[in-house]
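FYI, side chains are in, hydrogens and waters are out, and symmetry mates aren't considered; it's all heavy atoms of this structure. Lettering of chains follows the sequences in order, A, B, ..., and the numbering in each one begins at 1.
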Protein chains: 2
Amino acid sequence: MNTMQFSTKERILGAAEMLFAQHGFAGASLRQVTSAANVNLAAVNYHFGSKENLINEVFRRRLDELNAQRLSTLRAAQAEANPRLEDILAAFIKPALALSLDRNGGGAFVRVLARAYAEHNESLRKFLSDNYGHVLKEFAAAFAALLPTLDKQELYWRLDIVSGALTYAMADFGVIKRRGAVSEQAHCELAAEHLIKFASAGLRER
Amino acid sequence: MNTMQFSTKERILGAAEMLFAQHGFAGASLRQVTSAANVNLAAVNYHFGSKENLINEVFRRRLDELNAQRLSTLRAAQAEANPRLEDILAAFIKPALALSLDRNGGGAFVRVLARAYAEHNESLRKFLSDNYGHVLKEFAAAFAALLPTLDKQELYWRLDIVSGALTYAMADFGVIKRRGAVSEQAHCELAAEHLIKFASAGLRER
DNA sequence: GCGCGTATCAAACGAACGTTTGAAGCATAA
DNA sequence: TTATGCTTCAAACGTTCGTTTGATACGCGC
């Protein structure tokens, strides 16, 4: 019987996520990962086959849930009588920013995600496109319905800008430091609020 | 006499920039760099002392010029009778996006820059802050003068968002692919135009 | 008890890493 | 020519990398 709270696989995934966020995929070694996870070095290749596959599993663990949350929030907003632009934006932005509040290392994952974007690694981009492609399409359609006068190409440009700002905000690249008095929760909600207001104005601009 | 167009140091810097953009700082080895630069492996340590110092020099080569361009463009805009918000934004955005059109690898550098942001490497952040800090302050003051009713904290939030979108746009993270018929020059100008319009609306929002 | 599949372990593998070394090349000045 | 200083070179340094191996430990049906 395994009385431990987390299995070997789970502990490896958590440690890998943290160290990939900190040092990058090439920069974090399996020896660092297994040491932080308190497992044997060989455990990675036993449970995941290779380092590259471990990286993929780190993504899958989080993306499936974020994926589902965004879509369900979007559909809930669309079910309303008169959905506002801000609601659609919130459905896109808030689940992502909320991920950084996740109790078990979600904050590390958003930085891993930002790294994945920064790396133009083709296999990783394909992986993200496979997991996100249909989500982005659905959001684009929702925005198009609310902005009927906006050219399609123009919309894609602006959604691209929103994604950039969101990725940036998620990874906390910026110079804005959280004040000691403000909780992480509040900081995240503030960021979402600012981002939504800013983006809705940018999207509506004619 | 050295009849070659580029010195050993310059070729190393160019190859390093390209490979750092492609594989990251940890992912690109000095053997790859020196091989691409067609110089001996030992040349890096001879001319730069270490890999870490080579990374710093890759940044310095570009940042000094970008720095100067942004400030001179900003001051030219401020010298006008009635500077518009869009002009200040252009002074911030256009030199950065134009860097990606630089004949000698500027396009690679902007991706290196995006990587540097994604990596939360403290020494690198300090380096960037040392090189950019006073520039950002000057821009913030210029924006504040044009948006007198905007709260200071609010302004910082929004400038942060602009920086994120710019970094994102510079590195060409997005899904928007340049059409074959559109030149790089035109693509860059389009990106700047969209970004400026979007950001000015976001900044003006009350 | 025994046998069997899963999981973990210490140890080692070959390859690639950043760095160092000492000799060789090659201009310029004496 | 010889001497000098900067640069380049092949080769090796010791370390760390991802991965593999074969032995050992554990849990469970028989």
Between A/Gly49 and A/Gly27, which residue's closest nucleotide on DNA chain D lies nearer the 5′ terminus? A/Gly27

Please determine if A/Glu193 and A/Lys197 form a salt bridge, counting it only when a charged side-chain N lies under 4.0 Å from a carboxylate O. no

B/Asn45 CG to C/dT19 P, in whole Å, measures 5 Å

Strictly below 4.0 Å: does B/Thr8 bring a side-chain N or O up to OP1 or OP2 of D/dT7? no

On the nucleotide D/dT8, are OP1 or OP2 found under 4.0 Å from the side-chain N or O atoms that B/His47 carries? yes

C/dG18 P sits how many Å from B/Leu30 CG, rounded? 4 Å

When rounded to whole Å, the CG to P distance for the pair B/Asn53 and C/dT19 reads 10 Å

Hey, can you pull the donor-acceptor pairs under 3.5 Å for the side chains in residues 37-48 of chain B, sequence neighbours left out?
residue	atom	partner	partner atom	Å
B/Asn40	OD1	B/Ala42	N	2.9

Measure CD/B/Glu52 against C1'/C/dT19 and give the value in whole Å, please. 14 Å

From CG of B/Leu19 over to C1' of C/dG18, roughly how many Å is that when rounded to an integer? 16 Å

Taking CG from A/Asn38 and P from C/dC9, how many angstroms apart are they, rounded to a whole number? 9 Å

Those residues that, when tested against A/His194, pass ring pair (Phe, Tyr, Trp, His ring centres under 6.0 Å) (two or more places apart): B/Trp157

Specify the separation, in whole Å, of atom CZ of A/Phe48 and atom C1' of D/dT20. 18 Å

Would you indicate which nucleotide in C/dG18, C/dT8, D/dT19 comes nearest to any side-chain atom of B/Lys51? C/dG18

Can you tell whether the side chains of A/Arg62 and A/Glu17 come within less than 4.0 Å, N to carboxylate O? yes

Residue pairs meeting salt bridge (charged side-chain N to carboxylate O under 4.0 Å, His left out), one or both in residues 18-40 of chain A, sequence neighbours left out, come to none

Partner set under ring pair (Phe, Tyr, Trp, His ring centres under 6.0 Å) for B/Phe139, not counting sequence neighbours: B/Phe92

Sort me out a list of protein N/O and nucleotides 10-13 of chain D N/O pairs below 3.5 Å, or just none if empty.
residue	atom	partner	partner atom	Å
D/dA10	OP2	B/Asn40	ND2	3.3
D/dA10	N7	B/Asn40	ND2	3.3

Value in whole Å for how far the C1' atom of D/dA25 lies from OH of A/Tyr46: 13 Å

Determine: side-chain N/O of A/Ser29 to OP1/OP2 of D/dT16, distance under 4.0 Å, yes or no. no

My understanding is that only residues two or more places apart in sequence, or in another chain, count here; which of them pass side chain to side chain donor-acceptor pair (under 3.5 Å) with A/Arg204? A/Glu86

